A.B. asks: 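Quick one: the structure is below, questions incoming.
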Number of protein chains: 2
Amino acid sequence: MFESHFHNECIHSALSNAEKICMVKGLRLTDLRKRVLELVWASHGPVKAYDILDKLGDKSASAKPPTVYRSLDFLKEHGLVHKLNSLNAYVGCSHPHERHVCYFLICKGCHQVKECCNRTLTKAINSTSDEHHFRPSSITLEIEGLCEHCSK
Amino acid sequence: MFESHFHNECIHSALSNAEKICMVKGLRLTDLRKRVLELVWASHGPVKAYDILDKLGDKSASAKPPTVYRSLDFLKEHGLVHKLNSLNAYVGCSHPHERHVCYFLICKGCHQVKECCNRTLTKAINSTSDEHHFRPSSITLEIEGLCEHCSK
DNA sequence: TGAATGCGTGTTATAGTATAACGTAACATA
DNA sequence: TATGTTACGTTATACTATAACACGCATTCA
Ligand SMILES: [Zn+2]
Ligand SMILES: [Zn+2]
Ligand SMILES: [Zn+2]
Ligand SMILES: [Zn+2]
């Protein structure tokens with residue numbers, strides 16, 4: 001799904017973006033939160049909360065579930081990570097600057113996730129909601145399947 | 001979301017539909033599976049696995065988690081119920097005859113769920129997938145918000 | 001300065017969701 | 001009746017997430 005690349009750059013830019021965003025919004029991107037974000041960004045794939053927990057443990061001996069869930073909540077709330085409901089897993093947001101609804105392509109082959117947030121989908125969702133006189137507040141759209149590379 | 005109605009008729013018709021479908025497909029809609037389906041259909045809202053478990057317990061003393069999860073798996077697999085990933089809950093399929101992808105409107109006010117499975121959405125999802133050369137195999141689309149009645 | 005407040009984190013415990021693994025009973029088919 | 005298959009019972013455990021309370025530290029304001 002992601003052609004071979006220097007992923008350290010992805011991590012680095014995700015972290016520095018997050019710092020800028022938090023700076024601007026007056027949020028505290030503490031060490032803990034930054035480390036959790038870094039672990040979420042360890043790959044372009046879904047990351048489980050308890051895997052983050054284990055890896056935190058390496059550095060700071062005593063991490064307990066609330067530690068990581070609280071950080072994830074913070075990061076979610078401010079659009080830095082997303083939760084994938086169909087997997088109970090988390091993924092870093094690939095364009096956290098723009099406030100937007102996010103849809104996901106989840107490859108079962110290479111276990112990578114790509115955000116696909118386009119107007120066409122949003123329009124279709126809104127017009128369907130309208131038809132039903134429904135006022136949407138939060139949307140989960142997760143498309144599982146095989147990416148170009150993995151379907152060959 | 002659902003105007004006042006005689007819900008017993010919903011339950012009854014869901015069960016008799018299920019019987020027909022299983023008959024045709026040569027599937028065994030056992031007593032247990034039928035009771036689980038009935039409990040899922042207790043409302044038009046999401047139902048939790050452990051609530052089903054509790055209610056099963058009333059009749060058959062010793063129900064354990066695998067009992068209900070196995071039945072739910074069977075019902076899911078054959079399109080008689082759907083799982084709502086954003087809620088970890090289950091809902092009866094409102095038109096199990098047609099093989100189809102299902103999208104859901106979930107009202108946070110009255111806790112009712114409506115299937116909205118239209119071509120426009122499917123087309124938008126497929127064309128987005130195409131753009132990314134992605135081959136979808138399973139789709140989760142859950143729209144949370146307020147229904148017409150509850151948004152007044 | 002010192003109390004008051006808010007926030008982030010630590011810590012313990014528990015709630016909630018789901019499956020593995022193994023045994024037995026019921027059913028189908030020959 | 002023998003045989004293989006499916007459904008279910010049962011025990012244990014894994015996985016996911018939150019409640020509740022304590023502590024430290026920074027900010028504010030009396
Ligand atoms: Zn990368
Ligand atoms: Zn792939
Ligand atoms: Zn009804
Ligand atoms: Zn409603």
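As the structure is a prediction and not an experimental result, all values here were calculated from the model.
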A.B. asks: Below the 4.0 Å mark, does D:dC15 have OP1 or OP2 next to a side-chain nitrogen or oxygen of A:N88?
C.D. replies: no
A.B. asks: Give every donor-acceptor pair under 3.5 Å between a side-chain atom in residues 140-152 of chain B and any protein atom, sequence neighbours left out.
C.D. replies:
from   : atom 1 : to     : atom 2 : distance (Å)
B:T140 : OG1    : B:N85  : ND2    : 3.1
B:E142 : OE1    : B:N85  : N      : 3.4
B:E142 : OE1    : B:S86  : N      : 2.8
B:E142 : OE1    : B:S86  : OG     : 2.4
B:E142 : OE2    : B:N85  : N      : 2.8
B:S151 : OG     : B:C147 : O      : 3.2
B:S151 : OG     : B:E148 : O      : 3.1

A.B. asks: Using atom types as modelled, flag every donor-acceptor pair under 3.5 Å from a side chain in residues 11-26 of chain B to any protein atom, sequence neighbours excluded.
C.D. replies:
from  : atom 1 : to    : atom 2 : distance (Å)
B:N17 : OD1    : B:H97 : NE2    : 3.2
B:N17 : ND2    : B:S13 : O      : 3.4
B:E19 : OE2    : B:K34 : NZ     : 2.8

A.B. asks: Let's go through B:F74 and B:L27 carefully: what are the C-alpha distance in whole Å and the side-chain angles of both, what is the deciding distance for side-chain contact (heavy atoms from CB on, under 4.5 Å) to 0.1 Å, and is it a yes or a no?
C.D. replies: CA-CA 10 Å; B:F74 170 87; B:L27 304 170; 4.0 Å; yes
A.B. asks: Is it the case that the side chains of B:H44 and B:H111 hold a donor-acceptor pair, with the cut-off being a distance below 3.5 Å and no angle test?
C.D. replies: no
A.B. asks: By the rule that ILVMFWY residues connect when side-chain heavy atoms come within less than 4.5 angstrom, directly or transitively, which residues belong alongside A:L84?
C.D. replies: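 A:L84 clusters with A:L87, A:V91, A:F104, A:I106, A:V113.
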A.B. asks: On the nucleotide C:dT17, are OP1 or OP2 found under 4.0 Å from the side-chain N or O atoms that B:K48 carries?
C.D. replies: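 Yes, such a contact exists.
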A.B. asks: Could you check which residues of residues 66-74 of chain A get a heavy atom under 4.0 Å from DNA chain C? Sort them by number, please.
C.D. replies: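 Hits under 4.0 Å, by residue number: A:P66, A:T67, A:R70.
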A.B. asks: Would you mind listing every salt bridge (Lys or Arg N to Asp or Glu O under 4.0 Å) that reaches into residues 75-88 of chain B, with sequence neighbours excluded?
C.D. replies: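 Qualifying pairs, neighbours excluded: B:D73-B:K76.
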A.B. asks: For nucleotides 25-30 of chain C, give me one character per nucleotide, 5' to 3': B if any protein heavy atom sits under 4.0 Å from the base, S if the only such contacts are to the sugar-phosphate, - if neither.
C.D. replies: --S---
A.B. asks: For the pair made of CG in B:N85 and C1' in D:dT16, what is the distance, rounded to whole Å?
C.D. replies: 14 Å
A.B. asks: Expressed as a whole number of angstroms, how long is the span from B:L53:CG to C:dG16:P?
C.D. replies: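 Distance, rounded to whole Å: 13 Å.
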A.B. asks: Identify which nucleotide among C:dG10, D:dA17, D:dA7 has an atom closest to any side-chain atom of B:T30, counting heavy atoms from C-beta outward.
C.D. replies: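 Looking only at side-chain atoms, B:T30 lies closest to D:dA7.
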A.B. asks: List the atom of B:A49, the atom of B:Y90, and the distance in Å for their closest heavy-atom pair.
C.D. replies: CB-CE1, 4.1 Å
A.B. asks: Distance check needed: D:dA17 P versus A:L84 CG, whole Å only.
C.D. replies: 11 Å
A.B. asks: If you assign B:P65 and B:R33 each to the DNA chain D nucleotide with the nearest heavy atom, which residue ends up on the more 5' nucleotide?
C.D. replies: B:R33
A.B. asks: Can you tell me the distance, in whole Å, between the CG atom of A:D54 and the P atom of D:dA14?
C.D. replies: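 In whole Å, D:dA14 P and A:D54 CG are 13 Å from each other.
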A.B. asks: Is B:K64 near enough to C:dT17 that one of its side-chain N or O atoms lies under 4.0 angstrom from OP1 or OP2?
C.D. replies: no
A.B. asks: Within the pair B:Y50 and D:dT16, is there a side-chain N or O less than 4.0 Å away from OP1 or OP2?
C.D. replies: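 No, because none of the side-chain N or O atoms of B:Y50 sits under 4.0 Å from OP1 or OP2 of D:dT16.
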